[in-house]
K.L.:
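Just dropping this structure here.
Counting starts at 1 for both ligands and their atoms, following the listed order.
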Amino acid sequence: MNTHSSQLAEICAGLRRPEKMISPKYFYDERGSKLFDAITRLPEYYPTETELGIMLDNMDEIAARVGAQASLIEFGSGSSLKTRALLSQLIRLAVYVPVDISEEHLLESARKIRKEFPALEVLPVIADFTKPFELPNPKTMPLRNIVYFPGSTIGNFTHDTSLELLRVMYQEAGKDGALLIGVDLQKDAAIIERAYNDSAGITAEFNLNMLTHLNREFDFDFDVDAFSHSAHYDAAAGRMEIRLVSERDQQFSSANEEFQIAAGESILTEYSHKYTLDGFAEMAAQAGFDVAQVWVDEQQLFSVQYCVRRD
Ligand code: SAH
Ligand code: AVI
């Protein structure tokens, strides 16, 4: 089965569930990646600015942890915004491997990084990182692998999938490797909810763009105007829950399958989990990582964590 038909099968399986769902990876076509970049610049969306601040405030310690001649493998690199700050401080980085599903956006970001860092080998990998993928061979032999996973994208996965992903990262890091990860923290629900319900409506556009993406790439016929954005924080579960709510009874279809959705019924498009420091350390431990160092901002909104393999 090719990727396109297996992706369609995956999407239809999600739409057949008692609560309809579509994986958040389908947010990211070219427009979705641009809308995400616009989200990172919103005054309400604290994670990007806070994480970048933590990186800049602690760059000497972070660079020392990464060490010389490492290979930096970034999962879900997007525009590699925070990575630029890191790349400029690392000592003789062997290679930078940004991995992302959003093809045009990844290649454009890699082109910009090559221009800014002409001496650095940049080897982009277009892949769904939840499935097995091959890492390229760099010209310079790295002394160790650092898996970089910023942005708290780990929060977009369920507990079980996060664990699977951390285990893949454990393998990719290799024996002396490490994981440098951005992890959003639990806090006042109002701050979190505001970040996903911005006054400019960009997050709503980002959410609805998933349907436009599915219409174009997978021949769905969603009436995008008949859905609306919904984002609520479930404090007990420690997560944002983002949905598209149907404004009327309607049907939609792709290929030879038809789906019904009632007025008020929703499609779950994303979880965004927020962690406690202990909660994340426990999950990392289950995947074989020890959290060796944690950097947080003054208000403890967000954390950057350096995790080492326990072996
Ligand atoms: N790391 C950046 C971007 C985060 S947005 C930052 O911190 O700002 C999440 C990124 O992960 C997007 O670029 C998206 O295309 C990518 N992504 C999401 N799910 C993915 C998957 N399953 N495989 C590969 N890339 C994925
Ligand atoms: C990529 N990811 C960590 C973002 C988040 O905050 O969960 C995606 C996002 N969804 C809505 N706004 C931003």
Side-chain angles (χ1 to χ4, degrees), residues 3 7 10 22-42 44-52 54-55 72-86 97-110 124-133 147-157 161-162 164-165 168-169 180-185 191-198 200-210 213 229-233 238-244 268-275 301-302 304:
T3 315
Q7 284 181 332
E10 179 185 69
I22 306 171
S23 163
K25 68 187 173 201
Y26 296 106
F27 283 139
Y28 302 97
D29 61 353
E30 202 175 359
R31 178 159 183 265
S33 294
K34 291 209 166 86
L35 284 168
F36 178 75
D37 278 354
I39 288 174
T40 65
R41 293 188 290 268
L42 291 168
E44 295 97 333
Y45 193 73
Y46 64 86
T48 308
E49 198 186 0
T50 312
E51 185 177 18
L52 181 60
I54 297 171
M55 300 287 291
L72 191 73
I73 305 157
E74 179 170 358
F75 279 55
S77 49
S79 290
S80 304
L81 277 181
K82 281 153 281 188
T83 323
R84 285 181 164 71
L86 192 58
V97 183
V99 182
D100 208 289
I101 201 168
S102 187
E103 183 170 347
E104 295 88 354
H105 199 76
L106 171 66
L107 297 178
E108 176 62 12
S109 303
V125 175
I126 302 153
D128 176 347
F129 57 56
T130 61
K131 318 264 190 252
F133 64 93
V147 174
Y148 183 41
F149 197 27
S152 204
T153 302
I154 187 76
N156 298 138
F157 297 88
T161 325
S162 299
E164 277 169 34
L165 203 49
V168 168
M169 292 177 181
L180 183 65
I181 184 167
V183 179
D184 199 6
L185 300 176
I191 298 178
I192 302 177
E193 281 208 333
R194 243 194 329 267
Y196 296 83
N197 289 287
D198 60 286
I202 306 290
T203 311
E205 249 187 88
F206 172 71
N207 196 8
L208 287 160
N209 179 62
M210 182 187 274
H213 179 198
H229 168 71
S230 145
H232 292 292
Y233 186 62
R239 67 185 181 210
M240 279 303 302
E241 297 187 350
I242 296 158
R243 296 183 167 84
L244 287 166
L268 175 70
T269 50
E270 184 176 53
Y271 286 138
S272 191
H273 291 85
K274 313 299 169 189
Y275 302 87
L301 297 175
F302 201 93
V304 175

K.L.:
At what distance, to the nearest 0.5 angstrom, does CE of Met210 lie from OH of Tyr28?
P.N.:
8.5 Å
K.L.:
At a heavy-atom distance under 4.0 Å, which protein residues reach ligand 1? Sort them by chain and number, would you?
P.N.:
Lys25, Tyr28, Phe36, Glu74, Gly76, Ser77, Gly78, Lys82, Asp100, Ile101, Ser102, Ala127, Asp128, Phe129, Thr130, Pro150, Gly151, Thr153
K.L.:
Among Asn197, Ile242, Thr48, Asn156, which one has a heavy atom closest to atom 1 (C) of ligand 2?
P.N.:
Asn156
K.L.:
Going by the atom numbers of ligand 2, which of them fall below 4.0 Å from some non-hydrogen atom of Ser152?
P.N.:
3 (C)
K.L.:
Answer yes or no: is there a donor N or O on one side and an acceptor on the other, between the side chain of Ser77 and the main chain of Asp100, under 3.5 Å?
P.N.:
no
K.L.:
Do Phe206 and Phe27 have ring centroids that are under 6.0 Å from one another?
P.N.:
yes
K.L.:
Would you mind checking which non-hydrogen protein atom is closest to atom 10 (N) of ligand 2, with the distance to 0.1 Å?
P.N.:
Glu270 OE1, 2.6 Å
K.L.:
What atoms in ligand 2 come closer than 4.0 Å to a heavy atom of Tyr28?
P.N.:
1 (C), 8 (C)
K.L.:
Starting from atom 4 (C) of ligand 2, locate the nearest protein heavy atom and write down its residue, its atom name and how far away it is, to 0.1 Å.
P.N.:
Tyr45 OH, 3.4 Å
K.L.:
Without swapping roles, check the side chain of Ser23 against the backbone of Lys25 for a donor-acceptor pair under 3.5 Å.
P.N.:
yes
K.L.:
Answer yes or no: is there a donor N or O on one side and an acceptor on the other, between the side chain of Asn156 and the main chain of Tyr271, under 3.5 Å?
P.N.:
yes
K.L.:
Between the side chains of Glu10 and Lys131, is the shortest nitrogen-to-carboxylate-oxygen separation below 4.0 Å, so that they form an ion pair?
P.N.:
yes
K.L.:
Between His229 (side chain) and Tyr196 (backbone), is there a donor-acceptor pair under 3.5 Å?
P.N.:
yes
K.L.:
Would you say Glu49 has more than 12 foreign heavy atoms packed within less than 6.0 Å of its CD?
P.N.:
no
K.L.:
To which protein heavy atom is atom 7 (O) of ligand 2 closest, and what is the distance rounded to 0.1 Å?
P.N.:
Ser272 OG, 2.6 Å
K.L.:
I'd like to check which ligand 2 atoms, numbered from 1 as shown, lie under 4.0 Å from a non-hydrogen atom of Thr153.
P.N.:
1 (C), 3 (C)
K.L.:
Which word best sums up how the rings of Tyr45 and Phe36 line up, parallel for under 30°, tilted for 30 to 60°, or perpendicular for over 60°?
P.N.:
perpendicular
K.L.:
Give the atoms of ligand 2, by number and element, whose distance to some non-hydrogen atom of Gly151 is under 4.0 Å.
P.N.:
3 (C)
K.L.:
For ligand 2, is any non-hydrogen atom under 4.0 Å from Tyr196's backbone (N, CA, C, O), its side chain (CB onward), both, or neither?
P.N.:
side chain
K.L.:
Mind telling me whether Phe149 and Phe157 have parallel, tilted or perpendicular rings, with 30° and 60° as the class edges?
P.N.:
tilted
K.L.:
Just distances here: any N/O of Tyr271 and N/O of ligand 2 closer than 3.5 Å?
P.N.:
no
K.L.:
Establish, from distance only, whether the side-chain atoms of Thr83 and Tyr148 form a donor-acceptor pair under 3.5 Å.
P.N.:
no
K.L.:
At under 4.0 Å between heavy atoms, is it the side chain or the backbone of Asn207 that contacts ligand 2, or both, or neither?
P.N.:
neither
